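Each remark here refers to the structure printed beneath this line.
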Amino acid sequence: MNFSKSRACAIACLLVMGTVAAPADAAPTRYEAENATISQGVVDSNHAGYSGTGFVNGDNVAGAYTEWTINAPSAGAATLALRYANGTTGDRPSDISVNGVTVAAARSFPVTGAWSTWATVTLTAQLTAGSNTVRATAAGSGGNPNWDYLDAEAQSSSFTDYQAESATISQGVVESNHAGFTGSGFVNFDNVVGSSVEFAVSAATAGTQGLTFRYANGTTTDRPTSITVNGTAVTTVPFPSTGAWTTWQEVTVNAPLVAGGNTVTATATTAGGGPNLDRLRVSGPGDTEKPTSPGQPTCSDIAHNALTLTWPPSTDNIGVAAYDIYHQGQQIATATAPPYRLTGLTPDFAYQLSVFARDASGNVSLSSPEANCRTLPAPADDPPSAPGQPTVSGVQATSATVTWGASTDDNGVRAYLVRDHANNAVLATVTGTPPATTASVPLECARTYRVHVVARDTANQLSAPSSPSAQFTTAACGSVPQTPTSVAGGWDVPWDISWAPDGTYALVTERDTFRVFKVTPSGTKTQVGTVPNSQTTNGEGGLMGLDFSPTWNGTSDQEVFFMHTSSEGNRVAKMNFNGTALSGYASVLQGIDKNRYHNGGRIRFGPDGYLYVATGDAQQSSNAPDLDSLNGKILRITKTGAAAPGNPFSTRVYSYGHRNPQGLAWDSAGRLWSSELGNSSRDELNLILPGRNYGWPTCEGNCNTSGMTNPKHTWSVAEASPSGIAIVGNTVFMAALRGQRLWRIVLNGENVSTVNSYFNGTYGRLRAVEKVPGANAIWFGSTNSDNNGSGSADTIRRSNIQ
């Protein structure tokens, strides 16, 4: 929105500037158990270490409860921390409910060693604005543990914080070398006139709000910046010396914001540049309401390369700004309103189209229903001419350079496919306008090849194959997957595999049926249960990752952990497994948004004993860099769902800036690696380091943006669309969905050495892959029965690595 000149004057006249105290940071509110409502229990004070005036000692019966009444400033997710003591030798599980709805059934409260030893169990739950009740009810005949207090921490609605390191930076860098900042760092302006930081700010309503800039200035001179709102100058703000770069102060101005999205820009006005800028705090609540889901899309006026998509529009409290159109999990267009003409489509191709509404504040709706539409075959014309016979040079163990003569076509060549002459498997796809006629092609080790090339035109027609190349043989190498053998078939989207600690069998999840199976090395397959409260998203959500507790033994420790989609979002949950059947259910972590796609889903216990959780951005890209969101992250949590000790931000977040991370695995040096699905250009393999920003949505693949960490290797989305990974002998084996192959990635310390692929197109879409304990071997599963596959039943196979 552009203000008139008189409007800009009015803003300046309304300006109030000065150094003022900002609202206090949100902090937990403590509710002592002795002040709660108690049923079948008493207040005692005979064991040391409690808070307040005592603790609640419940009767040793099932159904005894303690109920707290707590207040939340606004509706939303809150962290509930229950401090307790359990001096017995057995667990004392409790059903935790909020406003009468169970949020954690039979939540474990294990022994603490003594009644005077206190521990804390943490969970996340949704609260309503105002008064709420939280009840802990004994789930067993032993009763509850002794309760000391409940700490409740909800997001305050009295202000909204925007971290400078997540803003748009011009002539500046993100740094973290001066203590005292909030978030993950601060912006160090370049020492030039015009260096700037631009914040994307939302407002629930229009009106004047306070803009509080937290900064440090370790020089002895002022570093003023001009402040503009939505492109209109407000004022020039002084940022005087704070005495040291580690001393942070605040300066506040008042300025009018429009309802919905706004831009607030601080631009240096002197050659010294701006101060170090930590964050912007806006005094009012932001616009956090998502638009409603669009209605059922329909296709009309279908051509070979275009179609018209229409849908019932969404509504929003402020207004819908745009609609994002996806094919499966990849965005292919943005529209301002229905209908919209999609062009540049592939002829004779089945599209699975869904629509998402987005408002000016960046809030994204849940998915519309899906429309399944197929483009028409291309009009008959001449296919491309056959490419010239390829020549091969630079033959290595895992690659070779292939060069061929160009094709011609009346409407233009769109791509070249380099294929294995023995079986027509596509080894490499070369695109461009026009596409190059040479490529480095990944190959299997110790194999004899002849290759040929076909051209594809804009009508998706293929040329006749070129003459095959001369025969050539790649060199031998180690850690090569051997011809697989079938372990067990008849699966319906096997999503993840986790081996029992003793290696005698594995558990396998099915995404869409929510079933869990026990599978022995010989292939005996037995259903052991289902995971309650699971829901599908008719896309990539459902029952996803699982992992055994690292100390699981089937008796004193029976915990198995799952990640699944539920009614309110994605959850981490746990169940008991005695080696034969699953029982019980407890939510460990909630507050992870869901959507049709981008749900992440992999969970793995690391060598440190903590649980790592891969979460997608839920198709709202602003989640990924937002440290207050659990989405677009790799989380590191305890078994109770709390932030693991030593996390970089003292929260559950371990790394951020992820679009849709999938695989998690550690190499022999304890380094964490993760595969990640890109949007439309590059998929990634990342080395995960604590506190790092992996770039989404600013970067897809490699980029040179300050403060963002590049992947160690990338692929085109047609070659990969990666899912699970496993590491054997410091070689990563990565399952590819769209690429329909198993990628072999040799690591050299913190870098990638060589990359090639196996089983190209042989077994279809691959998703789950896991190392076999005590063996140089992997299990990997196909996922052809999902909504993007051929519909055939899936198989889990074993491949020895030699």
Side-chain angles (χ1 to χ4, degrees), residues 77 160-169 174 183-185 199-202 261 279 286 288 290 324 326 329-331 356 358-359 361-367 540-541 563 569-570 589 591-602 612-636 647-649 651-664 672 674-703 705-711 714 717 722:
T160 308
D161 283 344
Y162 301 90
Q163 294 295 332
E165 64 270 21
S166 299
T168 300
I169 303 164
V174 175
S184 61
F199 298 88
V201 169
S202 73
R279 74 174 178 215
T288 59
K290 296 180 178 180
D324 296 324
Y326 279 73
Q330 294 180 329
Q331 185 176 343
F356 300 80
R358 175 165 44 87
D359 65 20
S361 298
N363 299 307
V364 178
S365 73
L366 294 177
S367 174
E540 294 172 347
M563 186 168 176
N570 290 308
L589 180 62
I592 307 170
D593 290 345
K594 68 176 180 180
N595 217 318
R596 182 184 293 275
Y597 300 105
H598 304 190
N599 294 291
R602 199 79 53 187
Y612 292 73
V613 182
T615 68
D617 68 5
Q619 294 186 260
Q620 181 158 318
S621 59
S622 60
N623 281 334
D626 181 0
L627 288 173
D628 292 327
S629 169
L630 296 179
N631 287 85
K633 308 291 187 297
I634 292 175
L635 310 175
R636 179 174 174 264
N647 279 0
F649 310 116
T651 67
R652 297 175 180 86
V653 175
Y654 190 71
S655 64
Y656 65 111
H658 298 287
R659 180 180 180 271
N660 195 11
Q662 292 288 295
L664 296 172
L672 174 59
S674 177
S675 57
E676 183 161 342
L677 286 159
N679 183 35
S680 58
S681 59
R682 306 307 296 176
D683 294 324
E684 301 176 354
L685 178 71
N686 288 301
L687 172 62
I688 303 299
L689 298 172
R692 295 292 183 90
N693 180 352
Y694 286 83
W696 180 254
T698 302
C699 303
E700 181 182 357
N702 293 307
C703 69
T705 302
S706 171
M708 297 183 181
T709 300
N710 279 331
T714 69
V717 294

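As a basis for the values below, the full set of heavy atoms in this structure was taken, side chains included, without hydrogen atoms, waters or symmetry mates. Everything numeric here is computed off the predicted structure, so don't read it as measured data.
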Query raised in the report: Do you know which two heavy atoms are closest between N679 and V717, and how far apart they sit?
Result: O-CG1, 4.2 Å
Query - Non-hydrogen atoms of R659 and L677 that approach each other most closely - result: NH1-O, 3.2 Å
Requested in this report: Return the minimal non-hydrogen interatomic distance between S655 and H658, and the atom names on each side.
Outcome: OG-NE2, 2.9 Å
**Report entry** Nearest non-hydrogen partners of G701 and R682, listed with the distance
**Finding:** CA-CB, 3.9 Å
Query raised in the report: Residues two or more places apart in sequence or in another chain: which of them pass ring-ring contact (aromatic ring centres under 6.0 Å, His included) with Y612?
Result: Y654, W666
Query raised in the report: What's the spacing between Y694 OH and L687 CG if we round to 0.5 Å?
Result: 5.5 Å
Query - Nearest heavy atoms of D626 and D628, plus distance in Å - result: OD1-N, 2.9 Å
Query - Point-to-point distance, once rounded to the nearest 0.5 Å, from OG1 of T714 to CD of E676 - result: 12.0 Å
Requested in this report: Check G707 against V174 and note the closest heavy-atom contact, atom names and distance.
Outcome: CA-CB, 4.2 Å
Report summary line: S365 meets the side-chain contact (heavy atoms from CB on, under 4.5 Å) criterion, sequence neighbours left out, with P291, P294, F356, A357
Report summary line: Between N570 and the options D593, N599, N595, the side chain to side chain donor-acceptor pair (under 3.5 Å) test singles out N599
Query - P690 side chain near N647 side chain, heavy-atom distance below 4.5 Å - result: no
Query raised in the report: Would you say N660 and E540 make side-chain contact, with heavy atoms under 4.5 Å?
Result: yes
